[in-house]
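Comments concern the structure below.
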Amino acid sequence: MYKSHKPRVQARLKRIEGQIRGVQKMVDEDRYCIDVLTQVGAAKAALDAVALLLLQDHTEHWVVDAIKAGDGAQKVLELNQAVERLVRGR
C-alpha cells in the first residue's frame, strides 16, 4: 500500500502518461532527435521520482512496521533488493 503518497503518485503517473504521448507525437512529427531524447530523459526522471515516493512509502510503513514487530530483517532485505532492481533497471 502507498497510502500517504497515493494521490501524488497517481497525479505524477498521469503527467508521465502525457509526457510519453508527447514523445510519441514528436517522433510522429520527425522532430529533432536531441529534442526527443531530452523529453525521454525528462520522462525517465519523472518515473524515478515516482519510484522514490513508492520506496519512501514502503520504508515508512512496511519496513518500519516489520522492525517494530521484531521481524525487520526480511523486509530490509526485500527493500535492498527492490532498490538494486531499480538502480540496475531490472
Side-chain angles (χ1 to χ4, degrees):
M1 293 206 124
Y2 14 89
K3 296 177 190 177
S4 62
H5 294 116
K6 188 172 184 175
R8 287 174 61 194
V9 167
Q10 290 172 322
R12 285 182 181 210
L13 288 173
K14 286 180 184 182
R15 279 195 302 274
I16 293 166
E17 182 180 20
Q19 283 180 293
I20 298 303
R21 275 196 235 101
V23 171
Q24 288 173 325
K25 184 177 178 186
M26 291 175 80
V27 170
D28 290 343
E29 296 172 351
D30 294 321
R31 297 277 296 274
Y32 186 56
C33 293
I34 299 302
D35 294 339
V36 176
L37 288 170
T38 299
Q39 292 306 311
V40 168
K44 286 174 66 175
L47 281 170
D48 286 343
V50 168
L52 290 174
L53 280 175
L54 294 172
L55 283 171
Q56 183 180 351
D57 262 6
H58 183 75
T59 304
E60 290 172 354
H61 299 289
W62 293 102
V63 176
V64 168
D65 289 348
I67 290 169
K68 287 179 182 176
D71 190 31
Q74 181 61 35
K75 284 295 177 193
V76 169
L77 176 63
E78 180 183 77
L79 175 63
N80 288 335
Q81 290 170 341
V83 170
E84 184 178 336
R85 281 191 308 271
L86 184 64
V87 169
R88 292 186 182 193
R90 294 189 229 157

Straight-line distance of [X] [atom1] to [Y] [atom2], nearest 0.5 Å:
X     : Y     : atom1 : atom2 : result
Lys6  : Leu53 : NZ    : CG    : 14.0 Å
Asp65 : Thr59 : CG    : OG1   : 11.5 Å
Glu78 : Asn80 : CD    : CG    : 10.0 Å
Arg85 : Arg88 : CZ    : CZ    : 11.5 Å
Ile16 : Arg21 : CD1   : CZ    : 12.0 Å

Do [X] and [Y] sit in the same hydrophobic cluster, where Ile, Leu, Val, Met, Phe, Trp and Tyr count as joined when their side-chain heavy atoms come under 4.5 Å apart?
X     : Y     : value
Leu37 : Val23 : no
Ile20 : Leu47 : yes
Leu77 : Ile67 : no
Val40 : Met26 : yes
Val76 : Leu86 : yes

Applying salt bridge (Lys or Arg N to Asp or Glu O under 4.0 Å) to Arg31 and not counting sequence neighbours gives Glu29
What one should report as the nearest heavy-atom pair of Ala46 and Gln19 is CB-OE1, 3.6 Å
Nearest heavy-atom contact between Lys75 and Val63 is O-CG2, 4.0 Å
So side-chain hydrogen bond (donor to acceptor under 3.5 Å, both in side chains) across residues 38-56, not counting sequence neighbours, yields Gln56-Glu60
